[in-house]
Amino acid sequence: MTLEVALELLWHWTDAVVQLLLQPFYYISILFMMLVYRRQVLLERRLFSVRLHSWGLQTWRTLIGGLLAGISVSVVIAFLGISLSQQAVWCIWIVAIILLLFRVRYLCFAYSIGILGIIQFVIGFFPDWNPDGIAGTAAETVRGLDIPALLALVAVLHLAEALLVKLQGAGFANPVFMESKRGKLVGGYQMQAFWPIPLFLLIPAPSAGALLPWTPLLGGDGWSSGFSMAALPVVIGFSEMTQSMLPQVKADRTFKRLLVYSFALLAISLLASWWKPLMIAAALVSILVHEGLLWYSRLEEQQSSPMFVHPQQGLKVLAVIPGSPAESLGIQAGEAIVKINGISIRTKEQMHAALRKNPAFCKLEVRNLQGESKFLQRAIYAGEHHQLGAILAPDPDVGVALVMKPVSIFQLIAMKVQSKNKTNEAQLGKPRDGDAAEM
């Protein structure tokens, strides 16, 4: 790379950074992410009266992960090539925000760009339709979108998402109590994370300038006049529920499925760039296969036996509070506490009684994930958690259950957590619609 090209890249990158800072969308994505993590902390307090995660730390983790992903994706896209205007950025984000009003998880470019591809396909049947005003500007912008290139960008973004889920997904797992298909309370995990990603995309220059030392795959002769750079703030994220497996196992499965989705969408998007009739197929794949992955994950959970229920002997551990005695003892989620101070336990009341037998010291027999027993011991100090910091699976008929309903942006802003009290249900029968508690 010549010095002239390097200086041109630096200049355009500086200009793109200014574009990013002047756009509201990057700040919107960060604020949205903070609201999501703050709501998760409120959910933990509602269910367990204790905080297991720090929403501030979760925010920093996703900011750093998103920044690294943004750099990586920008490099990859530099070799693919993409055409993008400032009007196109606004168009994509307006559709994304409209979708966000319906469901939080719809804040994903797989949906917004896929929908724009469908709109472009439809208005292609009406070439003479040129309305005045904002509608005309919007129609012209949509007609000018390079949908195959944008869908290729979606594919690369989901490849980055797959890697982030693999590396960080389990760290964003929040333990919850939920209803099984039989109506009993079981333990599980809500896994939800979003990453704000600043992209710096090389685009064909509108006027003559320095040429790239390579020719991007897409764009053809458009690169003969030189290059420029555009900033595109993006949000990627995943949302899963599991009651049948550990968070890391669920994250690994999601990682593999996202990889398949990414490569399939990338392949059909590249084919659509050479044969335009495939564009509508690529747009539909972007939306329908993404939804299909979520549907299949839910079906898999419904057909699997819950993992976080109490065995015949002992109490199943759902989660461990950071910095607690349980963590220092090496107790892990999915294990079962069988004996405390030589006393076999089957209820929480028996656990508390066994701990009171020797308030200053405890000896535990714990059955690990392989079904083998391990023996642990530790001193107990004043002020420590009454269950050693172990969050146990719920009693099947008593407790507060998370209500599984789609979360809207309005509920997120209001910090509402939907739940219902199974204690009342056990005593008074199944609750009416108005019995769901909101926070």
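All figures in this text were calculated on a predicted structure; none of them were measured in a lab.
Residue Leu22 places its CG atom among more than 12 non-hydrogen atoms of other residues, nucleotides or ligands, all under 6.0 Å distant. Within a 6.0 Å radius of CZ in Arg143, more than 12 heavy atoms belonging to other residues, nucleotides or ligands are found. Crowding of Phe79 atom CZ: a count of heavy atoms from other residues, nucleotides or ligands under 6.0 Å exceeding 12. Heavy-atom contacts from other residues, nucleotides or ligands closer than 6.0 Å to CD of Gln248 number more than 12. Residue Glu291 qualifies as enclosed at atom CD: its count of foreign heavy atoms under 6.0 Å is above 12.
Nearest heavy atoms, Leu185 versus Asp395: CB-O, 3.4 Å. Heavy-atom minimum distance, Met191 versus Ala173: CG-CB, 3.8 Å. Of all heavy-atom pairs between Leu47 and Val176, the closest is CD1-CA, 3.7 Å.
The side chain to side chain contact (heavy atoms under 4.5 Å, CB included) check on Val17 picks up Trp13, Leu21, Phe200, with sequence neighbours excluded. With sequence neighbours left out, the side chain to side chain donor-acceptor pair (under 3.5 Å) criterion links Lys374 to Glu335. Every residue was checked against the ring-ring contact (aromatic ring centres under 6.0 Å, His included) condition with Tyr26, not counting sequence neighbours, and none meets it. Taking the ring-ring contact (aromatic ring centres under 6.0 Å, His included) definition, one finds that Trp90 meets it with Phe25, sequence neighbours left out. For Tyr27, there are no ring-ring contact (aromatic ring centres under 6.0 Å, His included) partners at least two apart in sequence or on another chain. Here Thr137 pairs with nothing under the side chain to side chain donor-acceptor pair (under 3.5 Å) rule; sequence neighbours left out. With sequence neighbours left out, the side chain to side chain contact (heavy atoms under 4.5 Å, CB included) criterion links Leu284 to Ile118, Ile280, Leu288. Not counting sequence neighbours, Arg367 has no partner by the side chain to side chain donor-acceptor pair (under 3.5 Å) test. Listed by chain and number, the residues in a side chain to side chain donor-acceptor pair (under 3.5 Å) with Trp93 amount to none (sequence neighbours excluded).
Listed by first then second residue, pairs satisfying ring pair (Phe, Tyr, Trp, His ring centres under 6.0 Å) with a partner in residues 237-266 read His158-Tyr261, Tyr261-His290, not counting sequence neighbours. The salt bridge (charged side-chain N to carboxylate O under 4.0 Å, His left out) pairs that include a residue from residues 156-176 are Lys166-Asp252, where partners are two or more places apart or lie in different chains. Residues in residues 268-287 take part in no ring pair (Phe, Tyr, Trp, His ring centres under 6.0 Å) pair, two or more places apart or across chains.
Taken to the nearest 0.5 Å, the NZ atom of Lys276 stands 6.5 Å off from the OG atom of Ser273. Between atom CD of residue Gln243 and atom CE of residue Met245 there is a gap of 10.0 Å, rounded to the nearest 0.5 Å. For the atom pair CD1 of Ile98 and CD1 of Ile115, the computed distance is 9.0 Å after rounding to the nearest 0.5 Å. Within the model, atoms CZ of Phe48 and CD1 of Ile391 stand 6.0 Å from one another, a figure rounded to the nearest 0.5 Å. Put simply, CG on Leu150 and CG on Leu116 are 8.0 Å apart, with the number rounded to the nearest 0.5 Å. Distance check: Thr141 OG1 to Gln120 CD gives 11.5 Å after rounding to the nearest 0.5 Å.
By the 4.5 Å heavy-atom criterion applied to side chains, Leu52 and Asn174 are not counted as neighbours. Within the 4.5 Å cutoff, no side-chain heavy atoms of Val366 are placed close to those of Leu329. Contact of the Cys91 side chain with the Val142 side chain is registered, since non-hydrogen atoms from C-beta on lie closer than 4.5 Å. Proximity of Met307 to Val186: side-chain heavy atoms (C-beta onward) are nowhere separated by under 4.5 Å. When side chains are defined from C-beta on, Leu266 does not count as touching Val154, because their heavy atoms never get closer than 4.5 Å. Using a 4.5 Å heavy-atom cutoff, the side chains of Tyr37 and Val41 are not in contact. For the pair Trp195 and Val235, the minimum side-chain heavy-atom distance is 4.5 Å or more. Counting heavy atoms from C-beta outward, Leu100 and Tyr106 have side chains that stay 4.5 Å or more apart.
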**OP:** Determine, step by step, whether Asn368 and Gln332 satisfy the side chain to side chain donor-acceptor pair (under 3.5 Å) criterion, reporting the C-alpha distance in whole Å, the side-chain angles of both residues, the deciding distance to 0.1 Å, and the verdict.
**Re:** CA-CA 8 Å; Asn368 63 18; Gln332 299 178 10; over 6 Å; no
Subject >> Residues Arg45, Val50; criterion side chain to side chain contact (heavy atoms under 4.5 Å, CB included); working and verdict >> reply: CA-CA 5 Å; Arg45 290 191 181 278; Val50 68; over 6 Å; no
Subject >> Val36 and Phe194: CA distance, side-chain angles, deciding distance, side chain to side chain contact (heavy atoms under 4.5 Å, CB included) verdict >> reply: CA-CA 8 Å; Val36 169; Phe194 293 90; 4.1 Å; yes
**OP:** Apply side chain to side chain contact (heavy atoms under 4.5 Å, CB included) to the pair Leu392 and Gln387, showing each step before the final yes or no.
**Re:** CA-CA 9 Å; Leu392 301 175; Gln387 292 181 170; 3.9 Å; yes
**OP:** Any chance you could lay out the side chain to side chain contact (heavy atoms under 4.5 Å, CB included) test for Met241 and Met178, step after step, and finish with the verdict?
**Re:** CA-CA 10 Å; Met241 298 289 297; Met178 63 181 75; 3.4 Å; yes
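Under the 3.5 Å distance criterion, the side-chain polar atoms of Tyr189 are left unmatched by any main-chain donor or acceptor of Glu240. Checking side-chain atoms of Ser74 against main-chain N and O of Gly70 turns up a donor-acceptor pair under 3.5 Å. No donor-acceptor pair under 3.5 Å is formed between the side chain of His53 and the backbone N or O of Gln58. Between the Ser72 side chain and the Leu68 main chain, a donor and an acceptor come within less than 3.5 Å of each other. Side-chain atoms of Ser262 come within 3.5 Å of backbone atoms of Leu159 as a donor-acceptor pair (strictly under, hydrogens ignored). Distance alone, capped at 3.5 Å, is enough to place a donor-acceptor pair between the Gln40 side chain and the Gln192 backbone.
When only modelled atom types and interatomic distance are considered, Arg103 and Tyr111 share no side-chain donor-acceptor pair under 3.5 Å.
Judged by a 6.0 Å distance limit and a 45° cone about the ring axis, Arg61 is positioned over the six-membered ring of Phe172.
Put simply, the residue from Leu153, Ile71, Leu20 that forms a side chain to side chain contact (heavy atoms under 4.5 Å, CB included) with Leu199 is Leu153. Screening Leu35, Leu63, Thr62 against Ile30 for a side chain to side chain contact (heavy atoms under 4.5 Å, CB included) leaves a single residue, Leu63.
Salt bridge Glu300/Arg257: present, at least one basic N to carboxylate O contact under 4.0 Å. Salt-bridge check for Glu301 with Lys250: passed, with a basic side-chain N closer than 4.0 Å to an acidic carboxylate O.
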